Q: 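Below are the C-alpha cells for one structure; questions will follow.
Residue numbers begin at 1 in each chain, while the letters A, B, ... track the order of the sequences. No experiment lies behind these values; they were computed from the predicted model shown.
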Amino acid sequence: MVDQGHDQTTDGSPGESIDFIREKVVADNAAGRFGGRVVTRFPPEPNGYLHIGHAKSICLNFGIANDFDGSCNLRFDDTNPETEDHEYIEAIIDDLAWLGFTPAGEPKYASDYFEQLYTWAESLIERGLAYVDDQDAETISAQRGGFGQPGVESPHRDRQPEENLGLFRQMRDGAFADGEKVLRAKIDMQAENMQLRDPVLYRIRRVPHVRTGDDWIIYPTYDWAHGQSDAIEGITHSICTLEFADHRPLYDWCLAQLDLPSDKPEQTEFARLNLTHTVTSKRKLKELVDTGSVDGWDDPRMPTIRGMRRRGYPPAAIRAFMDQIGVAKTNSTVDVELLESFIRTELNDTAPRRMGVVKPLKVIIDNWPEGQVVMVEAPNHQANPEAGTRQVPFSGELWIEEDDFKLEPPPKYYRLSPGQEVRLRAAFFITATHVDTDADGNVVAVHCNYDPESEGGQAPDGRKVKATMHWVSAPHAVDATVHLYDRLFIDDPEGTEGSETDPAQVLNTGARETTAAKLEPALADCQPGDVVQFERLGYFAADLDDSTVFHRTVGLRDEWANLQKRRDNTQGSGKQKGSGQNKNKKNQQKQKNAKSQ
RNA sequence: UCCCGGGUAGUUCAACUGGUAGAACACUGGACUUUGAAUCCAGCCGUUGCAGGUUCGAAUCCUGCCCCGGGAGCCA
C-alpha cells in the first residue's frame with residue numbers, strides 16, 4: 001500500500017494515545033479475534049463526488065489497515081440503481097488514488113454479490129424469517145408505528161414459506177409492478193429500535209443498474225447488502241458513521257441468520273466530520289452545482305476532493321489534518337482554519353517561492369538609466385538553500401502591490417509611502433517621491449528613486465529598512481488570471497441542517513475575486529497543478545487545464561491584516577464572536593423540537 | 001413521547017482506566033528575519049453539563065436532572 005506520511009504504527013503500548021476504534025482493534029488482536037487479521041473497507045455509494053467528509057473515513061479505514069498490517073478494500077455500495085453512475089465510480093477511484101491510498105486488489109462492488117444475496121434471502125424465507133408483503137410503502141410506514149408507539153403487523157406476515165418463496169421468485173421474474181411487493185425480514189414489530197420492525201430487504205425497481213444492467217429488477221436494501229458484503233470480503237472491522245448505530249442490531253441479526261465461513265465482522269460507528277463554513281451534504285453540494293452557484297464539482301471553492309485538488313491542497317496535508325482531528329463519537333465541528341493551517345505547513349516546506357503582483361500598481365524609478373535591465377538573483381526557498389536561485393529581470397518600470405503603497409500611511413504602516421524607503425526583494429532600496437493621479441485623484445503611478453549602492457537588497461552603510469516588498473518588472477511581466485478565494489459560506493451552514501434553508505442563502509457570493517495579475521517570468525514555466533508561493537501573498541496553484549490561471553490555495557498568515565481588523569473592531573461595532581451563533585443554533589433546535597411534537 | 005449515542009480550554013482531541021486535567025490549532029508578548037511569512041522562546045485560556053452520593057482522593061464509580069446529536073425510506 002502506498003502510504004506517504006503515515007509512519008505511525010500502533011502496538012497499543014501504554015502512553016501512546018490512540019482513538020477508541022484502534023483501541024478496539026488492539027483488544028481484538030490481543031484476544032486473538034479474527035485470527036489477528038485486520039481488514040477494513042471504504043464503501044461509498046457511487047452517486048456523487050467524494051468530499052472532505054469522505055476523506056476522514058478514507059484516512060480512518062486505510063490508516064487502521066496500515067497501522068495493523070492489514071488491508072483495506074474499496075467497495076462500491078451500488079444497491080440503488082436510481083442514483084448511481086459510472087461517472088462517479090471513475091471519479092471515486094481517481095480521487096482515492098490522488099489522496100494517496102491504494103485499495104487491496106480490484107475495486108469491489110455490492111452488485112458482485114447480488115446472486116449470493118438472493119440465495120441467502122431464499123434461505124431466510126425457507127426458515128420463516130422473511131415474508132413477501134403486498135402493501136404499499138405508505139401503509140408499511142404507517143404500520144411501523146412511532147417512537148414509543150406500537151407497530152402493527154402486516155396481514156401478510158404469517159404467509160407460509162412455500163408461498164413466500166413462490167412470490168419472491170415471481171418478484172425477481174417480473175410478475176409484479178415496481179412497488180407492488182417487497183420482501184421483509186420477520187423480526188419484531190414491537191421493537192424499540194425502529195430498524196428491527198420488519199425492515200424491507202428487497203424492492204422491485206425496473207431501472208437499469210450501472211453494472212448489472214437489466215439482469216435484475218429486484219434490489220437488496222442497504223441493510224440486507226452491507227453486512228453480508230463485509231462478510232463475503234472477510235472484513236473484520238466495519239467502520240461507519242454514527243447515523244448507522246441504530247442499524248447495528250439489524251446488521252448483526254442478518255449475519256446471525258447466515259452460515260458464515262469466518263468470524264462475523266463487527267460494526268463500529270464514529271462521528272462524521274463537520275467543518276465550519278463548509279457544507280458536507282451531497283444533496284446540498286449538488287444543488288450548488290445544479291444552480292450554477294459554482295462552476296462544477298471541481299470548483300476550487302468546493303469541499304470536494306476534486307475541488308481541493310484544483311485549489312492546490314496537498315494530499316499529505318489533508319492526511320495530516322485527519323490524523324490530528326482524531327476519531328471519536330462526539331459530534332463536533334472542526335474549524336476550517338485548522339485544515340488551512342495544515343495546508344500552509346505542508347506548502348511552506350514544499351512550494352518554491354516566486355513573485356507575483358495580484359493587484360498591480362505602477363512604480364516608475366526616475367533615476368534608473370533609461371532602458372537598462374539587470375538580472376537579480378533570488379532564492380527559490382529562503383529556508384532551503386538546496387532549492388537554488390533564479391534570475392529575475394529588473395528595470396525602471398515595475399509593478400508593486402496596490403496595498404503596498406499609501407499616500408497617507410496609517411500608524412505602523414512601514415511599506416511604501418512618500419519619503420519612505422523600502423527594499424524590493426533581492427533588488428534595490430527605493431524611496432517614493434511623488435505620484436501621478438487620474439482625473440478622480442486616484443494614484444495611477446508612484447515615482448521613486450533607487451539607491452544604486454543597494455543592489456541585491458543591502459545598503460553598504462548598513463542602514464535598515466522596515467519593509468521588503470515583492471515586485472515584477474513591467475516590461476517582462478507575464479499576464480495571468482488569478483482567483484482569490486474567501487469562504488464559500490458566510491455562516492456555519494450545517495447549523496441549517498434539518499431546516500429547509502437553502503444553502504444559497506448562506507452562500508458567500510463574494511467567495512471568488514478574480515484579478516489580472518502580473519507575474520515574474522519564471523512563473524510562465526508552471527505546469528498544471530504546480531503550487532508555488534507568491535511571496536507575501538500566499539500559495540497559488542496553476543490551474544489543471546490552463547496554467548496561466550492561478551488559484552490561491554490559501555493565504556499566508558497576515559499579522560498586518562489582523563492588526564487592522566482589530567483596529568476596526570475596537571473602533572466600530574463591538575460585535576461578539578461566538579455567542580450570536582450559539583444562540584441561533586439553540587433557537588433553531590427549539591423550533592425543530594416544537595415542530596416534531 | 002420511546003430507543004441509542006454524546007457532553008473535558010475558543011476549537012478538535014488526550015488523561016496509563018480512581019492519584020497534581022495535557023497537546024495541537026487559535027490568541028497574546030518577545031527573539032530573529034531580505035516574505036508583517038517561516039522559525040524559536042514564553043504566556044493566556046478549565047467550577048471536566050448540573051446537583052447530590054461513595055472514597056483519604058472522582059473527568060473517571062453510583063443516583064437524579066439538564067443539554068446536544070441520531071433513529072419511524074421500498075435512501076445509503
Side-chain angles (χ1 to χ4, degrees), chain A residues 13-19 43-45 47 77 79-80 82-83 133 136-137 140-149 151 178-179 181-184 191-195 197 199-205 219 221-223 225-226 240-249 269 271 276 282 324-335 337-342 344-345 348-349 353 355 378-379 382-383 412-415 423-427 456-458 464-470 497-498 533-538 555-563 577-578 585-586 589 596-597:
Chain A
S13 57
E16 189 180 351
S17 165
I18 58 171
D19 61 73
E45 185 188 14
N47 68 346
D77 224 337
T79 57
N80 181 3
E82 283 177 341
T83 56
D133 198 340
D136 62 23
I140 290 175
S141 173
Q143 288 179 347
R144 190 119 47 206
F147 305 135
Q149 254 80 262
D178 287 18
K181 289 194 168 30
V182 290
L183 183 73
R184 288 228 259 169
E192 280 167 335
N193 182 339
M194 288 294 159
Q195 310 303 328
R197 317 253 266 220
V200 169
L201 266 25
Y202 271 93
R203 65 298 205 182
I204 305 172
R205 247 182 216 166
Y219 290 95
T221 56
Y222 165 86
D223 288 302
H226 202 90
C240 61
T241 44
L242 246 29
E243 67 267 27
F244 291 102
D246 292 283
H247 292 248
R248 188 175 355 113
E269 310 86 21
T276 57
K282 254 183 218 171
Q324 170 67 37
I325 62 172
V327 183
K329 294 183 94 151
T330 321
N331 283 296
S332 57
T333 302
V334 182
D335 200 328
E337 278 194 44
L338 184 61
L339 209 209
E340 289 172 353
S341 120
F342 275 88
R344 281 192 199 101
T345 303
N348 179 49
D349 289 342
R353 313 285 120 127
M355 291 193 287
Q382 196 83 313
K412 290 206 169 158
Y413 184 87
Y414 38 83
R415 278 112 97 145
R423 169 168 39 233
L424 294 177
R425 173 108 235 238
Q458 217 140 16
K464 303 265 189 248
V465 290
K466 285 211 109 173
T468 300
M469 297 174 7
H470 61 280
E497 188 80 59
Q533 186 193 87
F534 290 3
E535 290 201 32
R536 304 206 304 136
L537 296 179
L556 261 23
R557 271 188 62 215
D558 189 345
E559 283 201 0
W560 171 243
N562 281 350
L563 201 142
K577 224 183 153 187
K585 228 173 192 173
K586 266 179 194 154
Q589 188 52 37
S596 63
Q597 271 172 24

Q: Counting any heavy atom closer than 4.0 Å, what does A:F244 reach on the DNA or RNA strands: base, sugar-phosphate only, or nothing?
A: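 Counting heavy atoms under 4.0 Å across all strands, the contact made by A:F244 includes a base.
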Q: So does A:Q382 get a side-chain nitrogen or oxygen closer than 4.0 Å to the phosphate oxygens (OP1/OP2) of B:U35?
A: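 Yes, within the criterion.
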Q: Which one of A:T241, A:D246, A:L242 satisfies the side-chain contact (heavy atoms from CB on, under 4.5 Å) criterion with A:E269?
A: A:L242
Q: Would you say B:C4 has OP1 or OP2 under 4.0 Å from some side-chain N or O of A:R248?
A: no
Q: Using a cut-off of 4.0 Å on non-hydrogen atoms, how would the nucleic acid contact of A:N193 be classed: base, sugar-phosphate, or nothing?
A: nothing
Q: Rounding to an integer number of Å, can you tell me how far A:K412 NZ sits from B:G36 P?
A: 15 Å
Q: Using the six-membered ring for Trp and the full ring for Phe, Tyr or His, decide whether A:Y222 stacks on the six-membered base ring of B:A76 (centres under 5.5 Å, planes under 30°).
A: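 So A:Y222 does not count as stacking on the base.
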Q: What form does the base of B:U11 take, syn (within 90° of 0) or anti?
A: anti
Q: Suppose you measure atom C1' in B:U60 against the same atom in B:A21; what distance do you get, rounded to whole Å?
A: 12 Å
Q: Could you tell me whether A:G146 contacts a base, only the sugar-phosphate backbone, or nothing, with contacts defined as non-hydrogen atoms closer than 4.0 Å?
A: base
Q: Using both distances under 3.5 Å as the test, list the Watson-Crick or G-U wobble partner of B:G36, or none.
A: none
Q: Take atom CD of A:E192 and atom C1' of B:G5, then tell me their distance rounded to the nearest Å.
A: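 Value for this atom pair: 15 Å.
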Q: Over all strands shown, is A:Q195 touching base, sugar-phosphate only, or nothing at heavy-atom distances under 4.0 angstrom?
A: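 Answer is sugar-phosphate: A:Q195 comes under 4.0 Å of backbone atoms only.
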Q: For the pair made of CG in A:D349 and C1' in B:U39, what is the distance, rounded to whole Å?
A: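 About 11 Å, once rounded to whole Å.
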Q: Can you tell me the base-pairing partner of B:G69? Count Watson-Crick or G-U wobble geometry only, both distances below 3.5 Å, and say none if there is no partner.
A: B:C4
Q: Using a heavy-atom cut-off of 4.0 Å across all strands, would you classify A:A245 as base, sugar-phosphate, or nothing?
A: nothing
Q: Describe the nucleic acid contact of A:R144 in one word from base, sugar-phosphate, nothing, applying a heavy-atom distance below 4.0 Å.
A: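 Sugar-phosphate, backbone atoms only, no base.
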Q: At under 4.0 Å between heavy atoms, what does A:S141 touch on the DNA or RNA strands: base, sugar-phosphate, or nothing?
A: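 A:S141: backbone/sugar contact only, no base atoms under 4.0 Å.
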Q: Under 4.0 Å, heavy atoms only, any strand: does A:Y413 hit a base, just the sugar-phosphate, or nothing?
A: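 The residue A:Y413 makes base contact.
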Q: Is it the case that the base of B:U11 and the side chain of A:E337 share a donor-acceptor contact (distance under 3.5 Å, atom types as modelled)?
A: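 Result: no qualifying N/O pair found.
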Q: Does the base of B:G36 carry an N or O that pairs as donor and acceptor with the side chain of A:R415 under 3.5 Å?
A: yes
Q: Start at the 5' end of RNA chain B and walk down; is the nucleotide closest to A:K329 or to A:N348 reached first?
A: A:K329
Q: Taking OH from A:Y202 and C1' from B:G73, how many angstroms apart are they, rounded to a whole number?
A: 18 Å
Q: So A:Q533, base contact, sugar-phosphate only, or nothing? Heavy-atom distance under 4.0 Å.
A: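 Touches a base.
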Q: Decide whether A:T468 and A:R423 meet the rule of one side-chain donor and one side-chain acceptor closer than 3.5 Å.
A: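 Yes, side-chain donor-acceptor contact under 3.5 Å.
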Q: Classify the nucleic acid contact of A:A426 as base, sugar-phosphate or nothing, counting any heavy atom under 4.0 Å across all strands shown.
A: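 Base contact - A:A426 has a heavy atom under 4.0 Å of at least one base atom.
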Q: With a cut-off of less than 4.0 Å, is there a side-chain N or O of A:R203 near OP1 or OP2 of B:A76?
A: yes
Q: Measuring to OP1 and OP2 of B:C75, would you say a side-chain N or O of A:R205 lies under 4.0 angstrom away?
A: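 Yes, such a contact exists.
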Q: May I ask you to say what A:V334 touches in the nucleic acid, namely base, sugar-phosphate or nothing, with a heavy-atom cut-off under 4.0 Å?
A: sugar-phosphate
Q: Looking for any heavy atom pair under 4.0 Å, which part of the strands does A:R353 touch: base, sugar-phosphate only, or nothing?
A: base
Q: Watson-Crick or G-U wobble partner for B:U12, using a 3.5 Å limit on both distances?
A: B:A23
Q: In whole angstroms, how far is the P atom of B:C40 from the CZ atom of A:R557?
A: 12 Å
Q: Nearest nucleotide by nearest heavy atom, which residue falls closer to the 5' end of RNA chain B, A:K466 or A:T221?
A: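 Residue closer to the 5' terminus by nearest nucleotide: A:K466.
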Q: Look at A:T330 and B:G69 and indicate whether a side-chain polar atom (N or O) is within less than 4.0 Å of OP1 or OP2.
A: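 The answer is no; no side-chain N or O of A:T330 sits under 4.0 Å from OP1 or OP2.
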Q: Can you find a donor-acceptor pair, distance only, under 3.5 Å between A:D246 side chain and B:G70 base?
A: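 Counting by modelled atom types and ignoring angles, a donor-acceptor contact under 3.5 Å is found here.
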Q: Assign A:V327 to base, sugar-phosphate, or nothing according to its heavy-atom contacts below 4.0 angstrom with the strands shown.
A: sugar-phosphate
Q: Using OP1 and OP2 only, check whether a side-chain N or O of A:T79 sits under 4.0 Å from B:A76.
A: yes
Q: To the nearest angstrom, how far is A:H470 atom NE2 from B:U35 atom P?
A: 13 Å
Q: Answer yes or no: side-chain N or O of A:H247 and base N or O of B:A76 forming a donor-acceptor pair under 3.5 Å.
A: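 Indeed there is one.
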Q: Would you call B:G22 syn or anti, using the 90° rule around 0?
A: anti
Q: Base, sugar-phosphate alone, or nothing: which one does A:N562 contact when heavy atoms must sit under 4.0 Å apart?
A: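 The residue A:N562 makes sugar-phosphate contact but no base contact.
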